[in-house]
Number of protein chains: 2
Amino acid sequence: MKLSELRAIKLAELFSALSDASRIRIIAQLMDGEMSVHALADGLGMTESAVSHQLRGLRQMHLVRPRKSGRQVFYSIDDDHVSRLFTLGLDHVQHG
Amino acid sequence: MKLSELRAIKLAELFSALSDASRIRIIAQLMDGEMSVHALADGLGMTESAVSHQLRGLRQMHLVRPRKSGRQVFYSIDDDHVSRLFTLGLDHVQHG
DNA sequence: TGAATATATGAACAACTATTCATATATTAT
DNA sequence: ATAATATATGAATAGTTGTTCATATATTCA
């Protein structure tokens, strides 16, 4: 398959966004519906700063989407591709 | 979604294996069929050592599979999950 | 306005990673 | 057995990354 260097980099960046256990756990939480940064941090036992830093990367890759409400920001899975990538990966890990 | 820490790590490791442009280009090449290490290195403009190092990681994550024939080793995509992950990711990058 | 809360961000540091170079192993041919 | 070829591997190094800590911005409440 012919793949330009630029596109290879973009694709690698996408998978990089999913290449960390903390981010995976964030996505897993969001699979059940949107959540605030605070709730995510609480649920995962991470500092809010660490979660916020990670959400930034996920946001930039369009894997999660923010919705601001008052002083809270609720994050959710951005689109269907993301949950499909996630569950497909999980499949591979489970009966790989 | 409830996800054990161990499973989160495994999933992150899977995506990590796809988180580098060189490895993505290797996979892209293999999408067309099996190839020797030498042919991969030639086609990608990488040293055979670098390719071999990367193939090791891909092999360990069961993303590619080796077939030894004489002194050559031909690599191919290990299973269907891999090509599906690859094309799904490509989808997201293209019309994301 | 001022205090409190929620999130974001920059800098710094430790941990990890991809490549290169040198070398090792394995297979084939002479 | 020796030389040549294909691949693999260990060590070293440069570059990248995730977390923490301190601080900044934004919003609500009194």
Side-chain angles (χ1 to χ4, degrees), chain A residues 3 5-6 8-30 34-76 78, chain B residues 3 5-6 8-30 34-76 78:
Chain A
L3 192 68
E5 177 64 11
L6 177 63
I9 291 172
K10 286 292 170 203
L11 192 45
E13 282 173 354
L14 168 63
F15 288 120
S16 295
L18 297 168
S19 72
D20 174 79
S22 298
R23 287 191 294 273
I24 288 293
R25 289 166 71 223
I26 289 174
I27 303 269
Q29 292 259 22
L30 297 182
E34 68 173 17
M35 269 185 141
S36 72
V37 177
H38 188 80
L40 280 169
D42 255 31
L44 299 173
M46 296 172 65
T47 69
E48 296 171 24
S49 177
V51 171
S52 184
H53 273 295
Q54 298 295 17
L55 285 169
R56 186 190 204 183
L58 292 171
R59 221 168 45 213
Q60 285 172 345
M61 292 311 298
H62 301 105
L63 299 185
V64 302
R65 177 181 21 199
R67 178 181 69 83
K68 194 166 185 178
S69 168
R71 55 189 141 182
Q72 302 187 77
V73 178
F74 292 93
Y75 280 87
S76 54
D78 187 296
Chain B
L3 192 67
E5 176 65 12
L6 177 64
I9 290 172
K10 286 291 170 204
L11 193 44
E13 282 172 354
L14 168 63
F15 289 120
S16 295
L18 297 168
S19 70
D20 175 79
S22 298
R23 287 192 294 271
I24 288 291
R25 290 166 69 224
I26 289 174
I27 303 269
Q29 292 258 21
L30 297 182
E34 67 172 16
M35 269 185 141
S36 73
V37 177
H38 187 80
L40 280 168
D42 255 31
L44 299 173
M46 295 172 66
T47 69
E48 297 171 24
S49 177
V51 171
S52 184
H53 274 295
Q54 298 294 18
L55 284 169
R56 186 192 205 183
L58 292 171
R59 220 168 45 214
Q60 285 172 344
M61 292 309 300
H62 301 105
L63 299 186
V64 302
R65 178 182 21 202
R67 178 179 70 83
K68 193 165 186 179
S69 167
R71 56 188 139 184
Q72 301 186 79
V73 178
F74 292 93
Y75 280 87
S76 54
D78 186 294

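Source: prediction; values computed, not measured. All heavy atoms count here, side chains included; hydrogens, waters and symmetry mates do not. In what follows, every chain begins at residue 1, and chains take the letters A, B, ... in the order their sequences are listed.
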- Task: Measure the spacing between NE2 of A:His38 and CG of A:Leu40 and express it to the nearest 0.5 Å.
- Result: 10.5 Å
- Message: Just N and O in the side chain of B:Arg59: are any of them under 4.0 Å from OP1 or OP2 of D:dT9?
- Response: yes
- Query: Between the side chain of A:Arg23 and the main-chain N/O of B:Ala12, is any donor-acceptor distance below 3.5 Å?
  - Reply: no
- Message: What contact category does B:Ser22 fall into here, base, sugar-phosphate, or nothing, at under 4.0 angstrom with non-hydrogen atoms?
- Response: sugar-phosphate
- Could you state the CD-P distance from A:Gln72 to D:dC29, rounded to the nearest angstrom? 11 Å
- Query: How many Å lie between CG on A:Leu58 and P on D:dT17, as a whole number?
  - Reply: 14 Å
- For D:dA4, does either OP1 or OP2 sit under 4.0 Å from a side-chain N or O belonging to B:Arg71? no
- Short side-chain N/O contact to C:dA8 OP1/OP2 from A:Tyr75, under 4.0 Å: yes
- Note on the structure: CD of B:Gln54 to OG of B:Ser49, rounded to nearest 0.5 Å, is 10.0 Å
- Taking all heavy atoms of A:Leu63 and all of A:Ala17, pick out the closest pair and write down the distance. CD1-CB, 3.5 Å
- Quick one: B:Met61 CE to C:dT17 P, roughly how many Å, whole number? 12 Å
- Message: How many whole angstroms separate atom CG of A:Leu44 from atom C1' of D:dT19?
- Response: 14 Å
- B:Gln60 atom CD is separated from C:dA18 atom P, nearest whole Å, by 12 Å
- Task: Could you check how far CD1 of A:Ile9 sits from C1' of C:dA18, rounded to whole Å?
- Result: 14 Å
- Item | Salt bridge flag under 4.0 Å for residues B:Glu5 and A:Arg25 | yes
- Upstream residue (5' side of DNA chain D) when A:Ser69 and A:Asp20 are each assigned their closest nucleotide: A:Asp20
- Message: When you measure from the side-chain N and O atoms of B:Lys68 to the phosphate of D:dA6, is any distance below 4.0 Å, counting only OP1 and OP2?
- Response: no
- Message: Applying a 4.0 Å non-hydrogen cut-off, can you work out what B:Phe74 is touching in the nucleic acid: base, sugar-phosphate, or nothing?
- Response: nothing
- A:Val51 to A:Met46 - nearest heavy-atom pair and separation: CG2-CB, 3.8 Å
- Between CG of B:Leu6 and CG of B:Leu11, what distance do you get to the nearest 0.5 Å? 11.0 Å
- Task: State the CD1-CG distance between A:Ile24 and A:Leu44, to the nearest 0.5 angstrom.
- Result: 12.0 Å
- Item | Value rounded to 0.5 Å, distance of OG in B:Ser19 from CD in A:Glu13 | 11.0 Å
- Point-to-point distance, once rounded to the nearest 0.5 Å, from CG of A:Leu14 to NE2 of A:His62: 11.5 Å
- Message: Could you tell me how far apart B:Asp42 (CG) and D:dT5 (P) are, to the nearest whole angstrom?
- Response: 14 Å
- Query: Which parts of residues 46-55 of chain B get close to DNA chain D, meaning a heavy atom less than 4.0 angstrom away?
  - Reply: B:Glu48, B:Ser49, B:Ser52, B:His53
- Just report the end-to-end axis angle for the helix from C:dT1-D:dA30 to C:dT30-D:dA1, five pairs per end, to 10 degrees. 20°
- Query: Does a side-chain N or O from B:Arg56 land closer than 4.0 Å to OP1 or OP2 of D:dG10, or not?
  - Reply: yes
- Can you check the A:Ile26 CD1 to D:dG18 C1' distance for me, whole Å? 11 Å
